[in-house]
Engineer: 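The structure's right below; bear with me while I get my questions together.
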Number of protein chains: 2
Amino acid sequence: MSFYTEDSLKAELHERGWRLTPQREIILDIFQNLAAGKHLSAEDLYELLKSEGHDISLSTIYRTVKLMARMGILRELELAEDHKHYEINQPYHHHHHLICVRCNQTIEFKNESVLKIGDKTSKKEGYHLLDCQLTIHAVCPSCQRSILPVS
Amino acid sequence: MSFYTEDSLKAELHERGWRLTPQREIILDIFQNLAAGKHLSAEDLYELLKSEGHDISLSTIYRTVKLMARMGILRELELAEDHKHYEINQPYHHHHHLICVRCNQTIEFKNESVLKIGDKTSKKEGYHLLDCQLTIHAVCPSCQRSILPVS
DNA sequence: CTTCCTGCAAAGAGTTTGCATTTGT
DNA sequence: ACAAATGCAAACTCTTTGCAGGAAG
């Protein structure tokens, strides 16, 4: 859950018989240096990497973020848009999402109890906690005032 | 958030200039009579309806569940599988999910505090609460013991 | 009788996969 | 050297959409 160095990532990969590739290092680096609260889709990450001169294929990106999510390095977020977002998984920046089901506007918020509940629940079931997210679906003030089309 | 009759559904639809169609009634009925804790994907719903002799098209199903989720009648669940699931949105049966990121095994659990947090948070932002879900990503006991392939 | 809804088929988006090649270890 | 990862392109799945006919209010 804390910061990964090249070495600690390597060690954790090796434990499972996997390899440290330049692509994996670069992708981890991106996420570690991302501003708090920022999250990226696979496509976002692809473009960002390209803009920095790294030509990593989309397939590798999909494979890598999924791998890192399964390792607990990244959080996989299901926001209102129809694709997944990823961000580094650090308790310090742990936050949750309040999403308007109509306009998809999303607010991030923090709450100390949530992590505790996640911790308690997973322990009770013998699970090893990676991440827990509270997602609130609601109607934002501005959408409460308007009659919406079916879409 | 409570039980809908044909009339109350009709009224709520009319408020927004929408219509009560047989398809919408039938679909709501399915969800209201679903065993507690059961949830359906669009495809599941399609098959279930067909098995009961109702030939409702997949497009209508997708449109209807989305509509009902936006109305707050259904909860939209993002479980481990790569498609959405829906269930009726009732506080009495309000529960959350603990998901193994490796094998996707899912456990449902209840927690009284979560709804309170959702309530408080949405109120504070002026949002009208529809649903809140705590999703815990973790590694289940059996997967903790096995070395997994990259997939 | 107007507007919304349905069903169909086609399109779309995001993600995954097979395979040959390359690269860690 | 051997197994694992990458890149490419094609495939796949879930979901959305345009449109014509049909139904609710």
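Just so it is clear, the structure is predicted and the values come from calculations on it, not from any experiment. Residue numbers begin at 1 in each chain, while the letters A, B, ... track the order of the sequences.
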Engineer: Expressed in angstrom and rounded to an integer, what is the separation of B:Ile61 atom CD1 from C:dC8 atom P?
Structural biologist: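 Roughly 11 Å, once rounded to whole Å.
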
Engineer: Nearest to the side chain of A:His83, which nucleotide is it out of C:dT15, D:dG7, C:dC5?
Structural biologist: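 Looking only at heavy atoms from C-beta outward on A:His83, the closest nucleotide is C:dT15.
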
Engineer: Indicate whether any N or O donor in one side chain lies under 3.5 Å from an N or O acceptor in the other, for A:Ser113 and A:Asn111.
Structural biologist: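 A pair is found: one side chain offers a donor N or O, the other an acceptor, under 3.5 Å apart.
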
Engineer: Specify whether B:His96 and B:Phe109 have parallel, tilted or perpendicular ring planes, treating 30° as the upper limit for parallel and 60° as the lower limit for perpendicular.
Structural biologist: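 Tilted: the ring planes of B:His96 and B:Phe109 meet at 30° to 60°.
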
Engineer: Classify the side chain of B:Arg63 versus the base of C:dG7 as yes if they form a donor-acceptor pair under 3.5 Å and no if they do not.
Structural biologist: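 Answer yes: a donor N or O sits under 3.5 Å from an acceptor.
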
Engineer: If you take atom types as modelled and just measure distance, does the side chain of B:Ser59 reach the base of C:dC8 with a donor-acceptor pair under 3.5 Å?
Structural biologist: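 Flag set: donor-acceptor pair detected.
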
Engineer: So which of residues 41-56 of chain A are in contact with DNA chain D, with a heavy-atom cut-off of under 4.0 Å?
Structural biologist: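 A:Asp55, A:Ile56 - these, ordered by number, are the residues of the stretch whose heavy atoms sit under 4.0 Å from the strand.
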
Engineer: As a test of reading the structure: which of C:dT15, C:dT6, D:dG25 is closest to the side chain of B:Gln23, going by heavy atoms?
Structural biologist: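 When the side chain of B:Gln23 is considered, C:dT6 is the closest of C:dT15, C:dT6, D:dG25.
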
Engineer: Got a sec, which residues hit ring pair (Phe, Tyr, Trp, His ring centres under 6.0 Å) with A:His14, two or more places apart in sequence or on another chain?
Structural biologist: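 So A:His14 forms no ring pair (Phe, Tyr, Trp, His ring centres under 6.0 Å) with any residue.
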
Engineer: When you match B:Leu58 and A:Leu58 each to their closest nucleotide on DNA chain C, which lands nearer the 5' end?
Structural biologist: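 Looking at the nearest nucleotide for each, B:Leu58 comes out on the 5' side.
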
Engineer: Do B:Arg19 and C:dC5 share a donor-acceptor pair, side chain to base, under 3.5 Å?
Structural biologist: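 There is none.
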
Engineer: Between D:dT6, D:dA5, D:dG25, spot the one nearest the side chain of B:Leu20, thanks.
Structural biologist: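 Closest nucleotide among those given: D:dG25.
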
Engineer: With A:His95, which residues qualify under ring pair (Phe, Tyr, Trp, His ring centres under 6.0 Å), at least two apart?
Structural biologist: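 Partners of A:His95 by the ring pair (Phe, Tyr, Trp, His ring centres under 6.0 Å) criterion, ordered by chain and then number, come out as A:His97.
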
Engineer: Write down the distance between CG (A:Asp82) and C1' (D:dT16), rounded to a whole number of angstrom.
Structural biologist: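 It is 9 Å, rounded to the nearest whole Å.
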
Engineer: For the pair made of CZ in A:Arg24 and C1' in D:dG7, what is the distance, rounded to whole Å?
Structural biologist: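 A:Arg24 atom CZ is separated from D:dG7 atom C1' by 14 Å.
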
Engineer: Looking at the side chain of B:Tyr62, which of D:dA5, D:dT16, C:dG7 is the nearest nucleotide?
Structural biologist: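 Among D:dA5, D:dT16, C:dG7, the one nearest the side chain of B:Tyr62 is D:dT16.
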
Engineer: Provide, to the nearest angstrom, the distance between the CG atom belonging to B:Leu13 and the P atom belonging to C:dT6.
Structural biologist: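 Answer to the nearest Å: 10 Å.
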
